[in-house]
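The structure appears right after this line, and notes come after that.
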Amino acid sequence: MRSEPGKGASLADPWERALTFGVINGGGIQDARKRALNLRRFNDQLKALADEGAAEKALALFNRMRSTGTKPDAESFTNLFRSCKKGWRVESALLASIYKCMDSSGVDAGAPVYHELMSCYGRGGHWKPADALLETMLRKKIPLD
């Protein structure tokens with residue numbers, strides 16, 4: 001059972017974060033719930049596409065997600081990198097573009113995102129970007145395991 005924002009809600013829960021920040025940023029609770037529901041739906045679809053290794057479809061869905069105004073979160077990027085890895089879309093320029101989008105969006109990316117991106121670089125044989133990512137992970141104190 002979810003608690004109301006401000007009443008014991010954990011801001012670690014994406015749903016609670018969306019409700020809380022939606023209200024703080026001037027949107028009503030209905031707007032915040034709609035945004036959180038849209039994000040959940042997109043993330044569920046991205047996860048399914050990642051499980052299939054359907055990179056092209058995941059990239060198209062990610063672009064549609066952004067065009068609807070739904071802001072991707074760490075889970076979105078984790079699943080997008082995972083679909084690229086499993087679908088062998090591991091071109092350095094593509095991965096760098098996705099990473100730049102994540103970085104400019106202000107997403108608080110944790111270890112799963114960085115690990116998937118590192119796997120993509122490894123699968124593509126992109127050692128220089130992998131080395132740079134490792135430096136970033138060490139600087140940000142992202143766990144390496």
Side-chain angles (χ1 to χ4, degrees), residues 2-3 5-6 8-27 29 31-145:
R2 298 187 188 280
S3 58
S10 167
L11 291 182
D13 179 357
W15 178 261
E16 297 298 339
R17 246 190 345 266
L19 289 176
T20 301
F21 292 117
V23 172
I24 290 171
N25 291 330
I29 291 201
D31 289 340
R33 286 185 187 192
K34 183 178 178 184
R35 284 192 301 276
L37 185 57
N38 284 343
L39 178 61
R40 172 70 8 230
R41 286 179 180 154
F42 277 116
N43 281 342
D44 287 347
Q45 291 174 19
L46 283 170
K47 183 181 182 322
L49 293 171
D51 289 344
E52 295 173 15
E56 295 300 326
K57 289 180 181 178
L59 290 163
L61 179 64
F62 182 76
N63 287 330
R64 190 175 65 181
M65 174 186 194
R66 292 180 59 219
S67 72
T68 65
T70 303
K71 185 179 176 189
D73 63 2
E75 182 181 352
S76 309
F77 286 101
T78 299
N79 286 318
L80 186 58
F81 284 129
R82 196 163 135 252
S83 69
C84 287
K85 176 183 70 178
K86 290 180 83 175
W88 286 90
R89 282 300 312 269
V90 290
E91 302 88 13
S92 184
L94 172 65
L95 299 173
S97 173
I98 296 169
Y99 181 77
K100 184 178 178 183
C101 174
M102 180 184 78
D103 203 36
S104 67
S105 297
V107 171
D108 184 21
V113 176
Y114 285 96
H115 292 174
E116 288 297 339
L117 178 54
M118 185 65 78
S119 293
C120 288
Y121 282 140
R123 181 164 277 194
H126 307 297
W127 309 121
K128 285 185 180 182
D131 188 48
L133 183 64
L134 179 61
E135 294 288 326
T136 300
M137 291 172 71
L138 292 171
R139 188 178 71 254
K140 292 184 174 187
K141 299 184 181 2
I142 304 290
L144 299 179
D145 55 347

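No hydrogens, no waters, no symmetry mates; every other heavy atom, side chains included, goes into these values.
Residue M137 comes nearest to P143 through the heavy atom pair CE-O, 3.9 Å, listed as atom of the first residue, atom of the second, then distance. For the residue pair D108 and A74, the shortest heavy atom distance occurs at O-CB, 3.9 Å. The heavy-atom pair separating G87 from A55 by the smallest distance is CA-CB, 4.2 Å. Shortest non-hydrogen contact noted between S119 and K85 is CB-CD, 3.3 Å. What you find for F77 and V107 is that their closest heavy atoms are CE1-CG2, 3.6 Å.
Taking OG of S76 as the start and CZ of R66 as the end, the distance is 11.0 Å to the nearest 0.5 Å. Taken to the nearest 0.5 Å, the CZ atom of R82 stands 10.5 Å off from the CD atom of E75. Atom-to-atom distance recorded for K47:NZ and E52:CD is 11.0 Å, nearest 0.5 angstrom.
Inter-residue side-chain proximity for L117 and V113 is flagged as unmet; no heavy-atom pair is nearer than 4.5 Å. The shortest distance between side-chain heavy atoms of L59 and C84 falls below 4.5 Å. The side-chain heavy atoms of C120 and R89, taken from C-beta on, include no pair separated by under 4.5 Å. For the pair F62/P72, a side-chain contact is recorded, criterion being any heavy-atom separation below 4.5 Å from C-beta on. For the pair Y121 and V90, the minimum side-chain heavy-atom distance is 4.5 Å or more. Within the 4.5 Å cutoff, side-chain heavy atoms of R64 are placed close to those of Q45. For the pair K140/Y114, a side-chain contact is recorded, criterion being any heavy-atom separation below 4.5 Å from C-beta on. Side-chain contact check for L39 versus K71: every heavy-atom pair is 4.5 Å or farther apart.
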Requested in this report: Apply side-chain contact (heavy atoms from CB on, under 4.5 Å) to I142 and T136, showing your working.
Outcome: CA-CA 8 Å; I142 304 290; T136 300; over 6 Å; no
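Classification of D51 and K86 as a salt-bridged pair fails, no side-chain N sitting under 4.0 Å from a carboxylate O. Using a 4.0 Å cut-off between charged side-chain N and carboxylate O, R123 and E116 make no salt bridge.
Using modelled atom types, one side-chain atom of S105 and one backbone atom of C101 make a donor-acceptor pair closer than 3.5 Å.
Evaluated for a side chain to side chain contact (heavy atoms under 4.5 Å, CB included) with N79, the options L46, L49, L61 yield exactly one hit, L46.
Partners of N38 according to the side-chain contact (heavy atoms from CB on, under 4.5 Å) rule, which considers only residues two or more places apart in sequence or in another chain, are K34, R41, T70.
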